[in-house]
Structure formats: structure tokens, C-alpha cells
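Lettering of chains follows the sequences in order, A, B, ..., and the numbering in each one begins at 1.
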Amino acid sequence: MTSSNPSVFLLMVSGQIEGAHFPEYDDLYCKYCFVYGHDWAPTSVSEVQISHPVVLSLEPQHTSHTALGLEEGISQITSKGRDSSQSLVWNFPLDITFKSTNPFGWPQIVVSVYGPDTFGNDVVRGYGAVHIPFTPGKHSRTVPMFVPESTSRLQKFTSWLMGRRPEYTDPKVVAQGEGREVTRVRSQGFVTLQFNIVTKDMKKLGYDTTSGEQAPATRLAGTEQPYGS
Amino acid sequence: MSTSSDLRDKLRKKRRALQESLGKVKDDTQVLVPSDSDVTKENEHTAVEELTGRGDDPGETLRRSLKAQRMKRKKKLLEEMSMEGPPEEEMLQEEVTAVQELQQELEDHSVETLAEGGRSVRLQRDLPPLPVARADSSLSESSMRQRMREKLRVARSKAASLLQQEASLEPPSRLRGLRDREALTRFDREVDPDLRDEESSFSARVKFRDAARRATRDARTETGLPTAEEAYKFFTFNFDPEPQERRRKNRTKKKPRSTDDEEEEADEEEEEEEEEAEMARAHEGEDEPRDRDEDAPLVRDEEEDLFIIDQSAQDFLELKKAEYIGYNRRVLREREVLFTPSTRPVPPSCKLPENVQPRYLEEEGLYVGERPPVILSNQNILENRILKQDEGRKWFGDDGRIMALPDPIKESSSRPPLYHLEEELDPTLQTVYRKALKSKYVNRYIAGVGDTQGDYQLDVDVSGLIFSHHPLFSREHVLGARLAQLYDQYLSRQHKNLTCLLTDKLNGLRNTIRNMLELHSGEGISHVTQQRIAEYKQEVRHTRQLRDSEQEKDRTLLKSIIKVWKELKSLREFQRCTNTPYKLYIRREEVQRALDEQEQEAEILAEVAELQAECEEDYERKLSEYRRQLEEWKSWRKKLKAMKKKQKKRRPQSQDVDEEEEEGEQSEEELGEEPVKPEAPEKLDIAGLEQQIREKAARIRRKPGEPVLVPELTASSPVTSNEQCPRGELARREDVSKRSLFVKVLYNDKEVSRTDSRSLNADFRVHFGQIFNLKIVNWPESIKLQIYECGSSSSSLLAEVCVPVPESSVLTGSAPSEELEFSSNQRVACNHEGVGSDVPFSFAADGSNRQTLLTSGKLSCCVSWAIGEDDIPLAPPSAQPGAGMHSGLRQMDAIACIGASGLNDMKKLGKWAAESRLDPNDPNNASIMQLLSVASGGEVAVHDYFRLEQLQEEFNFLSDEELERSRRFRLLRLRSQEEPEFRNFKTIPATEREISEKVFEDYERRLKEGELVDTKEHIDAHRALVAKYLQKVCESVINRFLISKHYYILSDLIVEDDVPSIGVLGLNLFKLAEPKRPLKPRRKERKKVTAQNLSDGDIKLLVNIIRGYDIPVRKPHASKPAAGSKSARSYTETFTAASSSQTALQGSEWPLGQPVIRPFVEVSFQRTVLQTSTAEGPNPCWNEELVLPFSAPNGDYSTSGLQAVRDEVFISIFDEVLHEVVEDERERGSSVHTRIERHWLGSIKIPFSTIYLQSRIDGTFKLGTPPVLLGYSKERSLGSEGGYDAVRSLSEGTFLTLFITIEPQLVPGDSIREKMKDVKFDTQELERLLLACEIFEKDAGQRFPNRPCLTTVVDINGKTVFITRFIRPLPPPQELLDAFPNNPQEATELVARYVSLIPFLPDSVSFASVCDLWSTCDQFLTLLAGDEEEHAVLLCNYFLSMGKKAWLIIGTAIPEGPTAYVLTQEQNRYLIWNPSTGQYYGQHDTFCPLQTVGCLVNADNVWFNIQVYAAPMRMSFDVTKPKFWKPFFSRSFPDPGLSSVQPEDLVYRRTDKAVAAELQDRIEKVLREKIMEWRPRHPTRWNRYCTSTLRHFLPKLELSGGREVAEEHRLELQSLLGDYRISGFPLHLPFSEIRPIIEAVYSTGVHNVEAPNVEFALAVYVHPYPSNVLSVWVYIASLIRTR
């Protein structure tokens, strides 16, 4: 795998959905999934080690999708903290490795947040998507969340009453632009994500994503405190 | 408290345990603990742990723990006190801030929690900095205590005295309650520290605190045993909270005022023992409101005091309750400020002044305009509001209403109409085109201003100015200025010394010529040399002329200087005073006369010689010219003469003079005009030449021997003082002294600064010497200096000077000062000696020789870029792209300095330079020479065309061709274009080399095949064409589809419930009360899955096979009785047709009364084959579920991809036959060998698309059984089943009950169909009709959502067509009608059979279910492919032409789903025809596949079924009854008389029999090959005899339509029967392609027979019908030799 001519590059993502800030709601949980292009495939570490050059075939690939990282997840339900910040904390881990041949269709993480409404029905509280950062290192992202609006006031009322708010047919819609023009959305809150990105072979394939300056060094110095102060 | 004591106990225990465990590592812990960072880190952990550990109420726990902690610590301190604890530690502990304390507590707590958790691993780290850890030694505790007590007493008395002392110092005027003072006194008496604490006065406490602080400080300095103060402090630290609380209660009851004290007490605690901060605050919070009311300032005082004692920030926090004002109070308060205008009308009395009756103008007959309409309530609000104001009444008119203007909106536009018909537009209204102006301020900012680099500074140094003329000049001044000017000129000329330079050059040139001539010395001067000499001579002449003119100028200048000086002198004498200090000295330089003369003479001679030579040359040239001209003239003369002679000769012949004259003229015309006779050039007069030169020399040079005069101007002459001056002069001088000047500096036309005002000197010089530093943001465009002159009162602009913006290399310090001339054309006249400006004056006394001078002068200034502190020039970079247009920093280019500014064409410049023969050595030309060398060297190619995106090429990192060639890029592009091969291509390799060309092979082949149709698959060229056409239609439809695919509607993206109706809402509200988990669960609809996020293996096909009916049974051999085993019976050859007539006979033959058959069902889909278990009997029950995996082609699981799946599910029934194989007779007793054979009995095929669209298929289906099944017969069991038999006898055949569905349930592509409705198709129908259709369909859909209703359809051109237009009687082929001329029933069936033989091709497959396309009958017959609608329409049309009453049924059937059938009315019953199979059913047939009837269509109308039931069995087909059928065209909307889209007649082509025969052979060959291919491990033998027999049999089958020939057939095969066991059957198919035939044969599984001695027989028969409709029969049989 340490060949000088790699055929794929790897993007290892670990991190967490740290929490959210929804001023009005409580007891929320979230769901995440990834949206990525044709040239991307989630992979597991063990597979990477025995990976071989990409075999090109037009046959439908009957690969099993079991045990290939964590492509989706549903978090626990969290309640608001007692402190003044009133934030919801999930600290829900993310861990996935992608392999790809093409930066086109760079993966995005789609987070959707759900929680009970006043009647106890589980309704959606927000959708949001963000690209996985492409530079190695630690990143944190704050994703604004939104929900689709009802088409009319009456519908808004009935949906509120019945606890059946409008939802996207597929949360992955929020990661793409097609068809969005027919929807109207309202913003809800924010979700904070933290990513630790490791890339491999990107530079060898000609994709240089690191900036010239070396930022992490200073950051390390900042966090380390002198002993006994 | 019990909990806290428990905790305390626990803690103690734990600590003890800790101590024990840590006894060994005591030292380590000591090191470990005090580090703050450690502590905080740990706290981060522990805090979380604690919170999670005790989820119930963290605040409560915290408080409890705090309390416990405090008590614990108290105890600890007591312990410490009793032993010899090091005092430093205590001090430290005291100093710990509250935060740290809290941390510590948490830490302690964490120890506890951790210990509880049994995690002893972390104990070491979590160890608190407890001195207790080392306090386990309780030696001599009692003695210690005693000592302490003594000390305490000492300390207490000390402190008490201190306090007393200080209390007495307190001023008595202090605001103090009596009780407090009492307390003070009591304190004096009281010794108990607790009591003292409670009642001690505030100030005393403060003092005490100070004392305590002092004590601590002391204690810190001296390290020894606890001092008195410390000891005292121990006691003050630790008092029990419990009695305190009790006391507090008492006290609050008894005397509320003391809460104040108490609170302070609490504060004190807080200060001294921070652990109690929480508690104290809690109390404080309670007491707060009362405090504020009672003694607020005091509290504040105390706070200030608190501040003195260094406290942590937390202690200053004061928690207050949110201020709350009761609702009623607030309302009361608000009432004062707020006012809500009521909507009630105001009584008119309020609106009018008192005692005034409202006056209505309208009633008085006056016109009142219409008031603008205002809502009454709003008006009332306004009136109420206005009345609230002071002068509210003035808003009301006499009639008591608000004054209002009439409606301001004009009825018509007041603007004049823009366009009069045919008239020109009013010129004032005409649109005027103005060119777009570029904003002046765009791009004027220097890029990068704001950052450090954009720090630019311009230094403007205005040093001074000198006037060359000024209105206040006296005449002398004018002369003086002129003299000075001349002298300046002289100096500058002297400096340049042009004369000398030119003289030297001339000499040099002369020498060169001489040298050249000498070198060659006359002989052999080459042409080149000659030319060069000539050039030099030319140069010499030129230079000489230049030199002469320069010399002349020098001379005149000198002369004029002297002249002006003389004038000046005379003027001074004349006016008797001196105004100017000018004085001219003329120095005389003697020269040696002889030498001078000699030089002069030589010069003259040389000149003369040259001139002579030149003149000679000139003469020569002229002479030669003259000669040539002379020649010409002479020749002309000769001609003339000759002509004249001729004329003379001619003259005698004709004596007409006129004629002669004419001729003469003629001749003259011929010769042309008479050339002027050239005059010979004059010979040169050398003497005259010399004379000329000498004269010139005398004029421009000094005479030989004359001394060289060098003028020298000084300003040393004394100026006459004012007293001696005449009056006019004095007035002038006074005027001058009044004048002062200043200079304004303008940058980009904005004044940025100005100099000080300086007075004008007598010599008209002003010195400013000021430097202005301009910090610039904008690009410099202009820098102007304006000179202002201030008179006595006002100042006026004198002149304006533009300073060029310096180049960025011009920097302060190095830049020379420039003198800029200025002038003003102001007319100024003076009434004194001043000459004024623009006023004529004269020097002469007589006033002659008048002169007019304008004010002018020179300004000396310098503009340069500043240099920063670190020697960085603060100049912008000179090459600013984009800014060049606007920057004033125009390059001071070389071209500009030769006066050709704006000349940018390098080529032209080069040309010009070459032409003008610039001297490369001339310093003036240096810059242009450099430019030229650059231009010629660098060759700047300037395109002479314009390009819009001139930078595009910069971004092209690859040429387009290379990009095209790149395989990777191509792959990416094809995928993006959604080419079917690449649409779902995953992971395009990162590098080119990993992509092989093979990837594109399929695609390229397909592209090629677009043109070429594989003729092998098709019968002839016609079919090939059809296929091609079909493909094109398909493509166009798919394109349409692709457009609509990217067209989203809301429901595609968002799931939203519809607005429920009231009933549903009520029901749902009722549901809220329902239990969440009902005991009796109800079936729920399966969740539908959108197909997009599926992958291989996710979709499964569930086939539930329930039971079968009427499966043919094995025919027992008639002659031989059944012998033992079944197998023995089964190979008795029986050939029986499935005719019911025989069943009765055969039924008796079965020995057990039970027909023998062991059927099982096999389902094959996408090459997966599954089978059920084997059941028994003709009516078996399997009830088994088979799960078949599904994988979409290319992994495309999109809706469209799934719809395009062409795979079919084959469900076949087989009979399992067991043969006993007797290998050895001897083994018979001990072992049994059986071979299993399976015999195909029939099959159903269901396309996947049908399943997908229907989402489930449920019902009983008729099995497609062969007409002849060798060895099997239809079983008719008698007896018990008789009743049932009667029902079934109506229909023949085998049936299978099935349930098929897809797991998970997929959303069918209906949404796309819906969407296609939005995409409007073209149409030729009337709008009204379409509207009616829409309403009709909508209405139908609302009333009966399950009944399909169709009024408009899309034809093959994509146009919407009304459905009745498709129905028109059309004659079937004549030969079909001729076949049974006497039997209309037979003919009808034949026609149905013909229609069913046209291949079936569902639209959903060919057009990816985009929409249902209807083709007309001729198109259908041409295409030879179509789905139910086309078949039905054709059949219906045939029936109509045959004179039947026929309708088209739009309904649903199984397994097709929405489909079209044909209904005919025969006598008094209705028949339902399935056009795809040719079968017909009675209305009451149970097994009729038609399930729902939606509407009926015929040529005139459409009827929608509005009956209760939709099943054909339970409904009436009488369309005349409006109760049952709702007609589309009714009386209210009559039929507009729609013409049919069908052709008038159908043309049938007779099918070539030869072609059919050829096809027959080909099919047979292909099938043979295939069967052999399918049996790779066994030899395949063909029985020729049997084959030929079968072949003869097939045409008969065709003729009979597959019926009633079995018996005959049986006989025919009789000869074979003895030897072989035959199983086989004929298959019948319509022909479209070979592939389906192969599939059908494969699905029978005949080839699977693996007996070693098996033989096969295969016969194919193709029967041609008109128009290429072919019926294909395949007879396949396996024969096993039994002997």
C-alpha cells in the first residue's frame, strides 16, 4: 500500500457531533449520514491494507456494504444543560474512512435533528449539511439547521396539531442543489461538529490541500500548559 | 442533616482508608497534589462524573456536599488545632481563593465518588491536599488542647481589647441603631465568641477583620506555634451552623431588624471561610428585599469594605430576585402613560366647539368632494386619538367630521400620452442616448491601501518664486528682468556650448573625409566608400549650417545683452534713482590676433572649398539635367520640323489654309506641348561665394582679433533708498511692500494645504521654503500649485502651475528642484510707477515703442515621493495593472520627451527614428535610443485584433485536443451526460493509465449500432427498419423524460400530509385518546421505499405460491393395467388431448380414484431458479414463499432504471416423475435407484415491470399450457366435486394462485407519470374539450379512485389526442374472413388470434414507463409491437367492422394492471376479450382476468363506470343507463364530431412464404445449437423420425388453433410409442425476435433430461399471416428408449 503510485487517496474522518444549539427545543437526538459522489467509497481500515488497484468493470458490483465504517448513525437523546448556554451536547462520535479517485463529489455529512414536540410526537427539528473539511487537522464546523416549511398556514396548523411536520423524503436532499428550488425552509438552530481529518496520498495524486503555513504547531503550544503554574 | 452526617461518616471512613493506602506514598502525593493544573484537570473529569453519577439534582447534591464538607473541615480544623499542625499550612489554606476551595471540594467529592465506584486506581491522583492526611498521630492530644485553650483565651482578650479600643474611636454620630449599640456594650461584657459574633457591631467587625488580617500577615512572617490571633481565628472560623440557624430563626421572629446583622455575619463567614459562601448567599438571597428597604446604604458601605479585604470575585456577586411588579399595579401605572384609542364613534359634541351645531355643507347646496373611503373603525380610532391631543379640535370640520381632501387619485392619467398615432414623438420626450460614463472614482484608489504597503507619501516642496514680470514692476525692473533673462539664456547656452560642440563635430567629419580620400588616394574608390563619403559630405553641410545658426544666436544674444544694459543705464540716469541691483560687467578676453586670423581664414577657406565642391556637384547635376532636357527639346524641334515639312509637302495638294491650320494644330497635338527650352545653368562664381562666406563670418562671428566679450551680471549695484526716490516710485515701493503671496497646493483638484503668506520683496522674489507631506490614498492625477496674491484687503488668484506627478523613482532628497514658469493674463493698471500687467507702456519718453507685458514668473518647487523611516520609498509600485489608465503616474516615456506623446506604436516610432536620423550620441536622444533598442530587441508583438477573454488561454493548462484524448476526462464527461453505460460508473480511476480502452468499447459499439441494425436477429429488412424507428421514438421520448426527471415538484422532496378534512381531523383527534399500543394490532401499510438509496441485494422478489387447480394428470396406459409402481405406469405411452370428453372415461381407469401427478412449481428470475416442494394431485396446495434476489442492471436503482428492467418472472409447473432405474436385476431386492425426471406442464411469465408498477400481484392465473401435452390429460374428477366442476367447466386450463410482491415495497414510478402531466404535450384538440376531459377525469378520480378513467391519450408523435378518435371500424385481412365464411364465431376467434399474434411490447419497457403512448392501427401493424391498448384498439376496430357491437374497456386486470380489453355484445350476453392472448371470457366467468372496469370507449363516447361494483361479474354493461354509466358527451356537452385519427383502410402485405420458411429453418437451427449448448456434459442426439413426424403435425395445430388435434396426433406417433417414452409439447409464440423463443424453450427445461439414452426431437413451424405477423410453433420432445 505504500507504493509510490497510489491509485486511490484516502480521507479518514473522525470526530464528533459535539452538540447543538436549539434555543426553543429540548430532548433532541440527531441522525447523520454521508453523501458522496460516484468516485467515493467508504472503506474500512482492514480493507485498505489489502486493497488492490481499482478493477474496472462495467458489471454491477455486488459488494456487500457491511462493516464499511459508520456511514450512518443515530445519537442518544440529549437534554439541555442547566448552565446559561443551554446547549445540547451529544458528543456523538463519527468515524469513517473514504477512498476515492476524484475529489469531485467530496463527501458531505448530513445531520438531521429530531425531537418531541409539545404533544410528544417525534418531529424533525432541523436538517443541515456540511462538506467534510479537506485539509488535514482538527476542524470544527457549525452547521446552520433548517426545516422545510408547510405549504400553507392551514397545513402548518394541522401539521403542528397532528405532529406530522413536513419532512424531506430523503435527508440527503439537503446535500445537493437539485430540486431545492421548490422548497421553502426556515432556519432553526445550529449543530456543532468537530472533525479530525487525515488524508493519504492526496498529494501523490496531485491534490495539494494543505496550506503553506503550519498552523497546528502554534495550536499545540497554546493548549499545553506549563506544569505547576 | 442526617444525610450530611452520613456523608461525613462515609467521608471519614474513606479518608482513613485513603490514608492507610497512601501511607507509603505520602511524599509522592505531597508533590503531586499542589499543582494547580493537575487539580483543574482532575476537576474536569470529576465534575462530569459527579454530574452523571448523581443525576437527580446536582444543585442539591452540591449544596449538601458543601455542607458536609464544611462540617468535615470544621472537625478537621479542630483536630488540627488540638495537635501541633504547622501554622503555615493553615495560613495557606485560608488564602486559598474560593474557586480553589470549590475545586478542592469537588476533588474531595470525587474521591468519595471514585471510592464508591471502587476505582482505586485513580486514588493516588485524586488525593486532596489534606493536612489531615498527616494528622493521624494524636499523641498528647489533651495537653495540646490545654495549651491551645490558654492561647485562645489570651488571643480572645487581646482581640477584645483591640476591638474595644477601636470601637471607642468610632465617631458617635454614626448611623447606628440603639440595639446595635447595646450589642456593642454587650459584647464588651460577653466573652463567648459565638455570641460576640452575632452581636458585634459592624465597625467593630471591620476592625476586627483588619486585625485578623494583620494577624495573618504577622503569622505568615513568623513561623512558629500558632499565635494568639491564629488561635482566635480558629474559633471564629468554626461555629456550628445548626445553632446559628436556630438562633437566626428566633431572631427573625423576635427582631426583624437584626437580619441585617445576620447577613453581615454571613458575609463574614464567607470571607473567613469561603466554604460557607454558598450558604451565606442563600440567606442573603432570602433577606435581600428586606435589606434593601431597611438599610440599603449600609449594605453598600459594607460592600465597599468588603472590597478592601481582598476577596475573590465570587463573593461580590449578589443574587437578586427579578424585579416584579404585580399585574394590577402595572396596569395602573401603564394607564398613566399608555392610551388605547377606542374604536367606538366619538360623539359629535366632543368634536365641535361648545354650542355649535354641526353644519352640513352638502345640505346647504355646496359641492362636497367625495372623501376617500376609510374603514369606519379606523376612522374612529383616528378621531379618538386626535381628540386626546390638546388642539385636537382643529382637525375637525364644521360637519363634525375629520377634514379630508377629496379623493386624490385622478381618474385618468395626467401625463400626456406618449405616442400619438403616426406622429413623431414629442422632441422633449424623446429618449436621448448617452454614452455610459465611467465613474471618475473607480480605480482611483491605490490598490492595497490599508495594508502596510499602501503607505504612500508625496512631498511637495515649495521653495519660492520669482516674478519675471509683475504689475508693480517699474520700467527699470522690466529692463532688469529682461537683462536677467538674457543673461540666463547666455549662461545656459554657455553651459551647453553648442557652438563648440558642433565645430568639433564638423572638424571631425572633415578629417574623416580627408582621411578616407587619402587612404584611397584617388584610385579605386569603391562604390560603398563613395557613398559613405557623399553621406559624410551631406552631414558636414548640415552640421555647418547648424553651427552657423548657433554662432549667430550667440552673437545676437551677446549684442542684445549689451543693448539692454545700455538701456538700463540710460533709464537709471533718466529717473535719477536705481530700483534694481543689477549690474553688468563685461569682461574682455584678449586673443592673439595672428593666430585668430589664421584660424578664421582656414575656416573660411575650408568652408569655401566645401561650398565650391558642393556647388560644383550641384552644377554638374544641373548641367546633366539641362543636357537631358535639351535633348528632349531638340528632338521635339526635329519632329516639329519634320511635320512642318510634311505639311509643306501636303500644302500644294490642298490649298485650304484652314485645313492646314487644323492639321498644324493636329500635329502639334500629336507632339505634345512645346517643352520649354532649358536654360543652361550658370557657372559658379567662386569669388562671389567667398564673398558670401566672408560676409556671413563677419556677421556671426567676432572679427579676427576682436577680444572675446564675457558678460557677467551681478546684483551688487546699490538701490536708491526710499527717501531719495521720486513720488511715483515711492508709491510703487509702498504698494510692493503691501503685497504678499501664498501658494495653495491642490492634489487631484482638492486643496490639501497652503503656504504661509509671505510678503513680496522689492526684488520680486518670494521665499516660502515649505515642504508639505501628502499622505495619499487616491492615485495622483494632478498636483497643482496656485499662487495667490494678497493685496491690502483681498487675495486673488494670480496663476496656477501644474506640477508633473513624479515617477516613483523620484525620491525626496535626491530630486532636484524644478523651476516652473507661470503667467497670468490679468489686466492690472497702476497709478504709480508700476508698469502694470497687460497694459501697454513705453520706455521712451515720447511714448513710442510701446510694449505690453503680462505677469509671469517662475515658481521653484519640487515634488517627490517621501522616504520612510527605514529608507523604504513610500511610492506606489509604478506598474499598476489596470490603474494605468487613470493614474497620473504616466510613464515619463521617452517618446513624450521628444514631443511625440501618445505615440505608442513601436514600429512607427522605429521608422520615424530611422527617417529622422537621430544622433545616437546626442544626450537628448539617449532615452529614445534606449527605447528603440529595447523595441527592436524585444519585438513586442501587438495583436491588431480584439479578444473578449484574453486571459482564457492563461487558464488552459491543456489544449482542447489533449483534453479530448484523455480517457479519464472522457469517462467523466460521459458519466455526467448520463450515458446509460456510464451512468452508474463508480470510482473512475485517478490516473489515465488505469483506464483501458476497453471501457469504451460497448459504448462505441452502441453508437455504431445506432446506424447498423443487426439483421441476424430480425427476419428481414423491414423488421430492422421497424426496430430502428422504434428506437428513435424511444430516444425522443426518453429525452423528454430526462428533462422532466430534473423537474421537481414539492412532493418529490418533501413529505407533507394533506390538509385533512374535518371528518378526518375529528377522527384523528379521537385517535389521540387511543392507547399507544393497542392490544389487537392492525395491519399497517408497508412503508414504501424510494428506490434511490438502494443497492444490490436490498431488493427481493417474494413469490408466494399458494395452490393450483386443474393440473393435467398423467395419462395411464389404457391397454396395460397399472403395474405396481407409478413409474412403470407413466412410461406407458399415452397421448391424450386435454379434452373433457375423455376425462369421464379415463377417470374410471385410475385405480384409486385419485389422479396421479406430483407437481411442483419452479420460479426462475434473473437466472435464479427456485422451486417448491412437490405436492400431490391435480389440485395441489403448496403455500410456499420463494425469495428471489433482484439486481438492477448497471446497479441503477433509480425509478426509471427499475422501470426499464425487462426481466420476466417465469413460473412453471413441473411434474416430478420418478423412474426406477434397474441397473442390475440382482440388486433389485436390496437397493433402489431412482431417477427424477421433470416434465413441464405449463408456465406463466410476468414481467418485472408489471410487478414493480403494481407493487403486488395477487390472484389466480391461468397457466399457459401447451395445446398438447404428451402423456398428460386433463383430469375431471367426478363425484364429490361435481358441483365445483360445473363452475369450472366454463373455462378450460390450469390455474395457479399466486401472490407476488417486492420487498421492500418500492415506490412505483407513478410520480413521473403525474409529472408528465404537468409537462404539457402539444395537442390539436380544442381547449374546451381538454378542459372538459380534465374535469371529467378529476371527477372520476375523486369518486372512484381505483377505477381508471382515460379520456385523452398521447399518440406516438407526443400529441394529446381524445381517445374516441382511435376507434373506427377497420377491416381485418380478407383471408382471415375467408377462412371461415360460414362460421362467424370461428372467424371472430381467428381475428382475435391474429391480433394476439402481434408481439407484445409494453410501453413501460420501451419507453421506460414515461407515458403510455398510443399508436394508430396502421402504425401498430407497421411497428408490429405494442401493448394492451394497441391490441385492444385493433381488435375493437376489427370487431366493429365485422358488424359487432364492441367497446374498449379501460380497466385493471391481473397480472397486467391497468389495461385495455374489448367488450362485445353477442346476442344477449357480453364477451370480454383479452386482446393480448386472443382469449375471451363470458361476463360471469370467474377466471376472467379483468378485475375492474373503469370506462368504456367507442367511437362516439366515453362512459365512466359509476356503479357500486367494478368487477365485470357484478355489473351491467348497458351504457344507456345513466345511473350506471356517466357519459362524457352528454346533452350539455355534445360531441363536437371528432374525426378519427385512424386511417380509412388498412393495407395488408402478403407475407412471403419463403421468408417464413427461411425463418423456420433458422429458428430450428438456433434452437438445436442452444439445446446442445445447454447440455455441455452430455451428448445430444436427435431423433430424426420423431422430428419429421412432429413437423408434419405442427401445421395442423396452427390450422386448428391448437385444439382437437391431439387424438390424431397421438395416432401419428403411435409407431414410435412402442419403443420410446416420450415427453414433449408444442409451444406457440408470436414472433418478434428469436431471443424470447429461446427463453421459452429454456424455461421448459426439456434439455435437463439426463438419462444416458435420451434423444430429442425438435420441430419448428412458422405460419405467416398478413403483414408479417408470424405464428411460431416449436415442438420439443425428449424420447427415452425403454428397451
Side-chain angles (χ1 to χ4, degrees), chain A residues 5-9 33 38-41 53-65 81-82 99-102 104 119-120 148-152 154-155 157-159 161-162 164-170 172-173 178-184 201 204-207 225-229, chain B residues 34-38 40-41 51 58-59 968 971-972 975-976 981-991 993-996 998-999 1002-1003 1046-1060 1065 1068-1069 1071-1072 1076 1090 1092-1093 1095-1098 1189 1191-1196 1307:
Chain A
N5 293 320
S7 57
V8 292
F9 65 82
C33 56
H38 284 298
D39 300 326
W40 289 77
V54 181
V55 181
L56 259 185
S57 70
L58 289 171
E59 308 293 319
Q61 293 167 345
H62 294 276
T63 51
S64 68
H65 283 259
R82 293 278 160 162
K99 73 174 175 191
S100 173
T101 55
N102 192 354
F104 175 73
F119 303 113
E149 275 276 42
S150 296
T151 38
S152 69
L154 179 61
Q155 239 157 328
F157 173 70
T158 52
S159 65
L161 198 68
M162 319 268 291
R164 294 173 66 89
R165 313 270 171 101
E167 288 183 28
Y168 282 117
T169 49
D170 184 4
K172 289 180 179 176
V173 164
E178 203 172 43
R180 293 278 289 278
E181 73 276 4
V182 299
T183 62
R184 300 286 177 274
D201 290 339
K204 282 185 189 161
L205 286 171
Y207 306 116
Q225 284 197 345
Y227 183 80
S229 68
Chain B
S35 133
D36 270 350
S37 60
D38 267 9
T40 41
K41 268 179 213 163
L51 279 170
R968 180 165 191 259
L971 209 56
L972 286 168
R975 186 174 69 179
S976 149
E981 285 90 349
F982 306 102
R983 197 180 294 158
N984 292 287
F985 202 94
K986 296 256 163 69
T987 336
I988 287 175
T991 49
R993 63 191 151 76
E994 285 169 20
I995 305 170
S996 66
K998 265 184 243 162
V999 175
D1002 279 352
Y1003 172 66
H1046 291 280
Y1047 170 82
Y1048 286 87
I1049 57 173
L1050 186 71
S1051 62
D1052 293 340
L1053 286 176
I1054 290 178
V1055 188
E1056 189 178 18
D1057 284 4
D1058 291 335
V1059 176
L1065 201 65
N1068 275 307
L1069 282 172
K1071 256 187 207 165
L1072 288 175
K1076 288 274 177 206
T1090 337
Q1092 51 199 350
N1093 44 8
S1095 58
D1096 287 334
D1098 282 359
S1191 66
N1194 298 334
D1196 180 7
V1307 175

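- Atom CZ of A/F104 sits in a sparse spot, with 12 or fewer heavy atoms from other residues, nucleotides or ligands closer than 6.0 Å.
- Pairing each heavy atom of B/R975 with each of A/D39, the nearest pair is NH1-OD1, 2.7 Å.
- Looking at A/F9, neither its backbone nor its side chain comes within 4.5 Å of chain B, counting heavy atoms on both sides.
- The shortest non-hydrogen separation linking A/T169 to B/I1054 is CG2-N, 4.1 Å.
- Applying the salt bridge (Lys or Arg N to Asp or Glu O under 4.0 Å) rule to A/R164 yields the partners B/D1057; only residues at least two apart in sequence or on another chain are considered.
- In this structure, no portion of A/S159 lies under 4.5 Å from any heavy atom of chain B.
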